[in-house]
2 protein chains.
Amino acid sequence: MKRGARITQKDVAVRAGVSQATVSTFLAGGDGVVASETAHRIEAAIAELGYTPNRFARALRTQRSMVVACVVPDITNPFYPALFAAAQATMGSEYDVVAINTGGAAEAEDAVIAAALQGRYDGLVGVFFTRRASDFADAVRAGVAVARIEAHPKAGGALAIDDVFVDNRRAAAELTQTLLDLGHRRIEMIAAAGGPETVRVEGYRAAMDRAGREAVVHTARAYSAAGGAEVVQAMLRRDKLPTALLAANDLMAIGALRVLGEAGVAVPGDVSVAGFDDIMPAALAMPQLTTVALHQDDLGARAAGLLLARLTGAAEGPGRVVEMPFDIVARASIGPPAIQDTQRRRTST
Amino acid sequence: MKRGARITQKDVAVRAGVSQATVSTFLAGGDGVVASETAHRIEAAIAELGYTPNRFARALRTQRSMVVACVVPDITNPFYPALFAAAQATMGSEYDVVAINTGGAAEAEDAVIAAALQGRYDGLVGVFFTRRASDFADAVRAGVAVARIEAHPKAGGALAIDDVFVDNRRAAAELTQTLLDLGHRRIEMIAAAGGPETVRVEGYRAAMDRAGREAVVHTARAYSAAGGAEVVQAMLRRDKLPTALLAANDLMAIGALRVLGEAGVAVPGDVSVAGFDDIMPAALAMPQLTTVALHQDDLGARAAGLLLARLTGAAEGPGRVVEMPFDIVARASIGPPAIQDTQRRRTST
DNA sequence: CTGTTAGCGCTTTCAA
DNA sequence: TTGAAAGCGCTAACAG
């Protein structure tokens, strides 16, 4: 089970006819710290032997693990893989990026923070549902870099925690406004309890208030396609469909789309449907779903960039709060309301 | 940037009034290796101090990193997150599981193998598009555990490489047969070049041959929704639609579904469509897509299980080859062919 | 500019 | 049953 004899700095040193410490010094890299003649010999030895530094020895010595944890509620949720992949890509090959699924549970979030505090991770990047800045205090003071991805602006305390966020509240308001501008008056929202999606409901309410329209929010069992579907089924049963339906996320919107389609209700002819997140299935839905792109890859990349800056010492001091743009992706699932509600039309455009 | 003074075995030892080596011995765990009185004192000290072993020191000493790499072509492809999450879950908390995106490129696959050989990873689990058993030889001999996930049975050489596979060839044949049994005669397939999906084409051809029907395979630009869509657009242009369309993966099938829907072709009324993989969007498509479930979570879990067995020494000797079941998930997108091809009907059921 | 030295925290003989 | 000692491969003073 042991790994075969690996090439160490000592081997390189012997081959190059210098001391092991000189090899280390050379690797540390300061411009002309090593005589160019020696440098060449070492370089040659490294190449011939195929030397690669042992990251564990290095970690032990430097107290830096060179691994960061990318914290997500559930990598199986189509929203996160892109975020993770982008974070991983921007961290480069020096760092190992491990994905940690928390399930949005406090204990799991605490566990990663604790692990980081113990030196297992140099940095934490990702989405924390339950932990607030103060929960990171010990870790941050101990030198752990933290970059969070949020759904709304954060206070930005004195702690060295960087935040990247998209203003979901504003995005929801704009999306609602888009529907309003199209002529819709009865716009209802589907959401579930808790989660960062809550601010989307606020945005919707704000926009409706502003327009002098009544906000109606239906609570689903979960932020899933099934959750969205059930709500719409109930609406259908009572024969009370609005002209536009805004779902707190794409999964719910797609569930709604399905039920509507099966009931022969035309989208967007009879009712317009919009979602949130711009996950892949949204573009594949029929009709294609109008949604808000949060650009999860950019979020991951940006957050990882901030993390990297902390890690390399390029950034210091209190945390930065950077806002990232969203985009309303207008697709086929929305259109102007029919003159008369709930009449049957063609199934798609 | 340094991590704060961590609790070490030495601290525990001092507190318990024993030597550091004794703490280590205790942790190693052999039943009564340590006097129970001592054991209690050490346990108490560990609890009070909140000691956790330093994995880097341990890795340096034991030459085992306690991290395994889960190798996937692209974590962003909806097929892989479930596989990764399952592998991660079964590896337990002792192991860190890092996801490595290879993009299916030989160099990237080589790079992980090399990294493992250098001791960065104790094990490799996942999908390798380009590397064959012999490419793992050095690593395996050096003690790296390897468990691959394949699309068809492997020879199972003398090397200690475990393989988990679903017989994609047979799955494709059965799916084709399902269509045949429904009464379809003109069944055509959409595939792209290369990849493990190739064996699916073989299975399709075999089933068609057996039924005495002509196999027609259309080559798409890529294994994507766009790739599938383009092929169907071309068919539509030539007005040559078969009664059933078998796509090499769900993404292509969904692309096909979209184009068909937009052209007003009824599915499954006019043409039946089936895919492969059972990714989430398949269940969300309209109509819901008939596909082959490969149970990627089971694949990941099983492969990780084999890896773990190697790692813990529970398994030894030549690699095991274990076949995993597939399931044909019959959903709304297929049905019996219309009496007359290509006539217009309702868009959905 | 290069080498010596002292550990980082841990496991593992080997003695006591 | 416990402890002393060595050393995994590396970095970082410090001397020379």
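Order of the sequence lines fixes the chain letters, A, B, ..., with proteins taken first and strands second; residue numbering starts at 1 for each chain.
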query: Yes or no on side-chain hydrogen bond (donor to acceptor under 3.5 Å, both in side chains) for A:Asp96 and B:Tyr121, after CA distance, side-chain angles and deciding distance?
result: CA-CA 11 Å; A:Asp96 256 347; B:Tyr121 307 120; 3.0 Å; yes
message: Between B:Glu109 (side chain only) and B:Arg131 (backbone N and O only), is there a donor and an acceptor less than 3.5 Å apart?
response: yes
Approximate separation, where rounding is to 0.5 Å, of B:Ile75 CD1 and B:Cys70 SG: 7.0 Å
- prompt: Should the ring pair A:Phe136 and A:Phe128 be called parallel, tilted or perpendicular, given that the plane angle runs from 0 to 90° and is split at 30 and 60?
  reply: perpendicular
task: Any chance you could list the contact pattern along nucleotides 2-11 of chain C? Use B for base contacts, S for sugar-phosphate-only contacts and - for none, protein heavy atoms under 4.0 Å, 5' to 3'.
output: BBB-BBBBBB
task: Would you check if there is a donor-acceptor pair between the side chains of A:Ser19 and A:Thr22 at a distance under 3.5 Å?
output: yes
- request: For B:Arg55 and B:Glu94, indicate whether the former's side chain and the latter's backbone hold a donor-acceptor pair under 3.5 Å.
  value: yes
statement: dist A:Met91:CE -> A:Asp122:CG (nearest 0.5 Å) comes out at 8.5 Å
- prompt: Angle, rounded to 10°, between the helical axes spanning five pairs at each terminus of the helix from C:dC1-D:dG16 to C:dA16-D:dT1?
  reply: 40°
query: Any side-chain heavy atom of B:Phe165 sitting closer than 4.5 Å to one from B:Ile149?
result: no
field: Segment of DNA chain D, first to last nucleotide, that comes within the 4.0 Å heavy-atom reach of chain A
entry: D:dG9 to D:dA12
- request: Anything under 30° is parallel, anything over 60° is perpendicular, the rest tilted; go ahead and classify B:Phe56 against A:Phe56.
  value: parallel
message: With a 6.0 Å cut-off (strictly less than), is the heavy-atom count around CZ of B:Arg320, excluding the residue itself, greater than 12?
response: no
